[in-house]
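Reading through the structure tokens given below for one structure.
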Amino acid sequence: MTESRARRWRRSFRVLLVAVAGPALAAGALTASPAHAAAADDIRINEVVTTGDVNDSVELYNKGTATVDLSGWILRDDSNSSRYAIASGTTLAPGGYVAFDVHNAFGLGSDDEARLYLADGTTLVDSYGWTQHSAPSWSRCPDGTGAFGSAALTLGAANDCGSGGISATAWPGGSSVATADTKNAFGSDMSGLYQEGNVLWAAQNSGKLWRLVPNGSTAWTADTGNGWTSGKALRFPSGSGTPDDEGVTLTGSGSGGGVYVASERNADSSGTSRLSVLKYDVTGTATTLTAATEWNLTSDLPSVGSNLGLEGITWVPDTALTAAGFKDASTGAAYNPADYGPHTGGVFFVGVEGTGMIYGYVLRDGGAFTRVASLSSGMAGVMELQWEPQASRLWAVCDDTCSGRHRTLQINSSGVFATTAVHNRPTGMDNYNNEGFAVSGSDACSGGTKPVWWSDDSNDGGHALRRGTITC
């Protein structure tokens with residue numbers, strides 16, 4: 001995204017469509033009052049966080065069957081002078097979750113209350129109170145209907161009600177993390193990453209694509225050949241506009257077959273979503289690249305804020321999907337690549353920041369597309385997606401919104417991607433605004449580990465790139 005630190009507040013809400021979780025927890029020290037607005041009876045306060053590594057937050061859940069417009073609704077603590085107004089255009093789909101960071105509006109104390117009002121500020125929708133700080137979360141179980149109790153922090157996702165929840169574990173590699181670029185080489189807004197052998201492709205939100213090459217064994221620098229010295233400017237197929245590019249990936253043809261970029265809007269018209277995948281020919285020397293093809297997915301996806309759209313993209317080969325028994329959500333049957341005619345030989349998976357959802361698309365040659373998967377990431381937002389072929393798993397990455405957690409997903413016996421592990425960030429890495437993540441190939445394995453790379457949108461300490469490891 002084009003903002004860095006300042007955008008955290010504007011990113012304070014996340015919607016996530018996931019299934020309702022298991023049995024209820026004990027009510028503990030909490031009290032709740034019923035909703036008083038019949039038209040909003042399906043919206044419930046679902047989780048509250050008052051202490052710990054996450055800012056004071058309140059999560060809402062829609063237990064009904066219709067989408068509800070939350071524009072202008074008001075959150076308060078136990079004081080009538082407190083006021084957090086929900087942003088205009090915020091909606092909550094059935095079974096959806098939305099978490100609000102309220103700490104800039106008011107603090108949630110150890111003996112306090114969270115209250116939700118309609119936009120009139122007087123009609124109470126839901127409330128509950130507590131007599132001690134959350135440890136780490138006060139969560140309603142089952143979601144939307146049950147009693148509150150102490151549970152794991154799951155803002156933006158189904159509450160951990162003791163059945164089926166996956167606890168976060170330590171980073172599956174080394175704990176240390178080091179910088180991987182020259183100080184102030186790239187500035188802020190560095191987002192998606194993809195490693196292709198000795199090249200690291202990087203998308204920068206200002207409509208720029210970088211081709212990075214090794215600067216020693218543990219760092220990257222701009223390629224100085226073929227017009228790449230300062231990165232290359234990107235344009236839409238018309239030759240105009242500036243894609244707000246957030247993610248980058250390649251197909252099995254490598255960069256010679258085109259570089260694919262995920263964009264959330266035209267930065268020249270920043271108030272309007274334009275959720276697109278763009279293909280670029282990167283074989284020439286021109287310093288400006290015009291997209292050869294655009295797949296505009298906006299009309300096929302739920303509406304999100306213009307700065308909360310496509311953040312991550314990765315390509316998964318058809319052979320991997322069919323071998324694992326991947327189910328095509330558009331047909332309800334096993335995925336058959338032959339049904340789609342000429343395409344890239346795989347499925348593109350894109351992650352949406354504002355909803356935490358992941359969608360799979362077959363992008364046909366010429367610009368047509370079909371959605372073949374819709375799944376929850378289990379996180380408040382998706383900032384990066386990476387397919388790791390050696391392990392046949394999909395990495396979904398969140399930034400400082402989720403304390404830098406990563407999830408891995410694999411195709412289960414039902415033919416759909418499901419979470420297999422949740423990993424905390426390495427202990428040696430601060431909670432950076434990481435929007436990019438790339439995994440080295442198996443050829444980079446040494447001593448049982450291989451490098452991984454992160455891009456920090458905020459350029460903390462003057463560094464946009466960092467290096468860590470995962471086990472092979």
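- Within the 3.5 Å criterion, the main-chain N or O of Leu394 finds no donor-acceptor partner in the side chain of Gln410.
- A donor-acceptor contact under 3.5 angstrom links the side chains of Asp318 and His343, judged on distance only.
- In this model, no donor atom of one side chain and acceptor atom of the other lie less than 3.5 Å apart for Thr272 and Ser306.
- For the residue pair Asn431/Asp400, the side-chain donor-acceptor check at 3.5 Å is not satisfied.
- Residues Glu388 and Lys450 are paired through a salt bridge, judged by an N-O separation under 4.0 Å between the basic side chain and the carboxylate.
- A donor-acceptor pair shorter than 3.5 Å cannot be found between the side chains of Asn266 and Ser269.
- The two residues Ile313 and Thr249 have their closest heavy-atom pair at O-CB, 3.7 Å.
- Side-chain polar atoms of His133 and Thr50 form a donor-acceptor pair below 3.5 angstrom.
- Here the closest non-hydrogen pair linking Leu385 and Gly351 is CD1-N, 3.4 Å.
- Salt bridge status for Arg466 with Asp460: absent, with no side-chain N to carboxylate O gap under 4.0 Å.
- Using bins of under 30°, 30° to 60° and over 60° for the plane-to-plane angle, the ring pair Trp387/Phe417 lands in the perpendicular bin.
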Hey, mind stepping through Glu113 and Asp77 against side chain to side chain contact (heavy atoms under 4.5 Å, CB included) and telling me if it holds? CA-CA 5 Å; Glu113 186 178 20; Asp77 60 4; over 6 Å; no
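- Taking all atoms of both residues into account, the shortest heavy-atom contact from Leu124 to Leu116 is CD1-O, 3.4 Å.
- Thr449 and Thr471 share no donor-acceptor pair across their side chains, judged by distance under 3.5 Å alone.
- Residues Asn159 and Arg140 bring no donor and acceptor atom of their side chains to less than 3.5 Å of each other.
- Defined by atom type and a distance below 3.5 Å, a donor-acceptor pair is present between the side-chain atoms of Trp201 and Glu196.
- Between Trp454 and Trp171, the ring-plane angle classifies as tilted under the 30° and 60° cut-offs.
- A donor atom on one side chain and an acceptor atom on the other are not found under 3.5 Å apart for Asn434 and Asp399.
- A side-chain donor-acceptor contact under 3.5 Å links Ser458 and Asn433.
- Side chain to side chain, Ser191 and Glu246 meet the donor-acceptor criterion of an N or O pair below 3.5 Å.
- Trp315 and Thr344 share a side-chain donor-acceptor pair at under 3.5 Å.
- With hydrogens and angles left out, the side-chain atoms of Asn62 and Asp42 include no donor and acceptor closer than 3.5 Å.
- Under a 4.0 Å N-O distance rule, the pair Glu59/Arg44 does not qualify as a salt bridge.
- Side-chain contact, Gln195 with Trp453: a donor N or O sits under 3.5 Å from an acceptor N or O.
- Pairing each heavy atom of Ala203 with each of Asp245, the nearest pair is CB-OD2, 3.5 Å.
- For the residue pair Arg76 / Ser79, no side-chain donor-acceptor distance below 3.5 Å is found, with atom types taken as modelled.
- Put simply, CG on Asn80 and CZ on Arg115 are 4.5 Å apart, with the number rounded to the nearest 0.5 Å.
- Separation of the Phe106 and Tyr84 ring centroids does not fall under the 6.0 Å cut-off.
- A donor and an acceptor atom, one from each side chain of Tyr340 and Ser330, are located under 3.5 Å apart.
- Ring geometry for Tyr97 against Tyr61 counts as tilted: the plane angle lies between 30° and 60°, on a 0 to 90° scale.
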